[in-house]
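Down below is the structure, laid out as structure tokens.
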Number of protein chains: 2
Amino acid sequence: MTPKVTKKSAATRAHILETALGLFQEHGFEKTTMRMIAEACDLSLGAAYYHFKTKEELVLQFYAETGAEARSHNTTITAASKDFKTRLKALLQFKFTQMEPFRELASVLARQATDWRNPLSPFSAETRPMRDEAIGLIEEVLEGSNVKVSAPLRPHLAKMLWLYQMGVILFWMNDPSPEQRRTEELLDLSLALLHRLLQASTLPFMRRVNQSAVRIVELVEGLAPTEGEEP
Amino acid sequence: MTPKVTKKSAATRAHILETALGLFQEHGFEKTTMRMIAEACDLSLGAAYYHFKTKEELVLQFYAETGAEARSHNTTITAASKDFKTRLKALLQFKFTQMEPFRELASVLARQATDWRNPLSPFSAETRPMRDEAIGLIEEVLEGSNVKVSAPLRPHLAKMLWLYQMGVILFWMNDPSPEQRRTEELLDLSLALLHRLLQASTLPFMRRVNQSAVRIVELVEGLAPTEGEEP
DNA sequence: GCTATACTTTGAACAGGTTCAGAAAAAGAA
DNA sequence: TTCTTTTTCTGAACCTGTTCAAAGTATAGC
């Protein structure tokens, strides 16, 4: 899994990625050609493909790498406040800050999201580790926070919020307002709504709603393939 | 707008579309090449492109055409029952039946959904007519039904449900279970949940939640571009 | 050092979406 | 009918992602 440091490959991979990200930022994803990337690295086209099976894999790699950063930032977040909304907002905003220079790349990945069998989809079996990690971060944010939520819902809350996060990211990617101000408004609004809804979930009146909600999350989770499926 | 009947173009377009759909069904979207389509129509590649600017436009055209059928089916639906859940379920199921032979094509369109500036995205300015029509159908289903919902929410309900519909369709596209049984379960569950949530929205306790919900829908609506934007 | 093995790189191709200058056919004007 | 304009079609490219056999280079065991 982890390529030995002694292997030349690691350095070349890193170099290609770095170069590619620069070019993506400069010309955009579509207009940057694999030939450009290879040439900028003083490599042949084939060599570039030796290290990255597809152009999209470059993007995926970038995401994988931002993950580590986010994990470490998470401790800062949980230390700063116990408030659920504050924490979750900080978590999302950090992701946005991280990806800000590469907003377009986000939508490159999102494009794959709709076909869950696509290895690059955030819902695919192949990206499960990344997905689990992201859910893990949310779980960290939940633990020891002031969320009030119906007990049967609690075990599924992180997964639900991950789904919520996907939605917010989709909005963010498409937000043309300067500095994505609308995304911030959306964040505040939706977090408030979420908070109230979760509070409401503790009312006896809401038992049936909660049950359905849990089952729905399970269904969605069940669709995301875990092992190899269809030929 | 409406091409004169005398124009040869209309007939050729129709022929190309029909042929293409057949090939898509037989070989799948990716494996069907524009060259195959052209050849099957006894046309040159260039001619095919004269009628359809891109391969995806073929899919879009297909969708546009299923719209008419759905509109007429809607009267059947509203006549059959006044129950909100029953009607909405029927609406969605009809769409599924219609698209069943072309499930793969659905995901072809969905792929474009993530970039709202893409003309083929269901959120784009270009597809606004189709979107408005779909929302119109939902509105029809709501009118004269037994939905109970907080008054301030009511004017936005159809738009909200359209968003809901997008989610269900995404699920359906990725549902590998035979005959998409899970989608049916999801439908029943989520409709029940929706129903209860809408009922709950009439409680005074929910006023703030409702307000946020409305504003969120407005924000999302506001992102979907209406005129020409950016260069 | 020397060979066997594994890893990298090359260069040339392929495939399929898309474009385009100009030919052909159809429609209109006279 | 004949000439002009518009619509439709053709054939040959172009571009870019991807593949692959063969060649070059490093590494390890001896």
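Treat the numbers as computed from the prediction; the structure is a model and nothing was measured. Below, chain A is the first sequence line, B the second, and so on; all start at residue 1.
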query = With a 4.5 Å heavy-atom cut-off, do Leu161(A) and Leu194(A) have their side chains touching?
reply = yes
task = Mind jotting down which residue pairs meet the salt bridge (Lys or Arg N to Asp or Glu O under 4.0 Å) criterion with at least one end in residues 132-142 of chain A? Sequence neighbours excluded, please.
result = Arg71(A)-Glu133(A), Arg128(A)-Asp132(A), Glu139(A)-Arg154(A)
message = Do Tyr164(B) and Ile138(B) make a side-chain contact, defined as non-hydrogen atoms from C-beta onward lying under 4.5 Å apart?
response = no
query = Residues in salt bridge (charged side-chain N to carboxylate O under 4.0 Å, His left out) with Lys95(A), at least two apart?
reply = none
ask   = Between residues 48-56 of chain B and DNA chain D, which residues have a heavy-atom gap below 4.0 Å?
value = Tyr50(B), His51(B)
inquiry  = I'd like to know if Glu185(B) pairs up with Arg182(B) as an ion pair, taking the criterion as any Lys NZ or Arg NE/NH1/NH2 lying under 4.0 Å from an Asp or Glu carboxylate oxygen.
reply    = no
Could you pull out every donor-acceptor pair under 3.5 Å between side chains of residues 58-67 of chain B and any protein atom, sequence neighbours left out?
residue, atom, partner, partner atom, Å
Gln61(B), OE1, Arg13(B), NH2, 2.8
Gln61(B), NE2, Glu65(B), OE2, 3.1
Tyr63(B), OH, Ala106(B), N, 3.3
Thr66(B), OG1, Tyr63(B), O, 2.8

ask   = If you look only at pairs with a residue in residues 44-59 of chain B, which of them pass as a side-chain hydrogen bond (donor to acceptor under 3.5 Å, both in side chains), with sequence neighbours excluded?
value = Glu56(B)-Gln112(B)
note = Angle separating the five-pair end axes of the helix from dG1(C)-dC30(D) to dA30(C)-dT1(D), nearest 10°, is 0°
Acceptor/donor pairs from residues 97-105 of chain B side chains to any protein atom, 3.5 angstrom cut, sequence neighbours excluded:
residue, atom, partner, partner atom, Å
Thr97(B), OG1, Gln93(B), O, 2.7
Glu100(B), OE1, Gln180(B), NE2, 3.1
Arg103(B), NH1, Gln180(B), OE1, 2.8
Arg103(B), NH2, Trp172(B), O, 2.7
Arg103(B), NH2, Met173(B), O, 3.1
Arg103(B), NH2, Asp175(B), O, 2.9
Glu104(B), OE1, Phe29(B), N, 2.9
Glu104(B), OE2, Phe29(B), N, 3.4

Of all pairs that satisfy salt bridge (Lys or Arg N to Asp or Glu O under 4.0 Å), the ones with a partner from residues 31-50 of chain B, not counting sequence neighbours = none
message = Once ring pair (Phe, Tyr, Trp, His ring centres under 6.0 Å) is applied, do any residues pair with His73(B), and if so which ones, sequence neighbours excluded?
response = Phe94(B)
ask   = For residues 106-115 of chain B, which residue pairs qualify under salt bridge (Lys or Arg N to Asp or Glu O under 4.0 Å), counting only residues two or more places apart or in two chains?
value = Glu30(B)-Arg111(B), Asp115(B)-Arg117(B)
task = May I ask you to say what Leu45(B) touches in the nucleic acid, namely base, sugar-phosphate or nothing, with a heavy-atom cut-off under 4.0 Å?
result = base
query = Among residues 27-41 of chain B, which contact DNA chain C at a heavy-atom distance under 4.0 Å?
reply = Thr32(B), Thr33(B), Met34(B), Arg35(B)
task = Could you check which residues of residues 13-25 of chain B get a heavy atom under 4.0 Å from DNA chain D? Sort them by number, please.
result = none
request  = Answer yes or no: is there an ion pair linking Arg181(A) with Glu184(A), defined by an N-O contact shorter than 4.0 Å?
outcome  = no
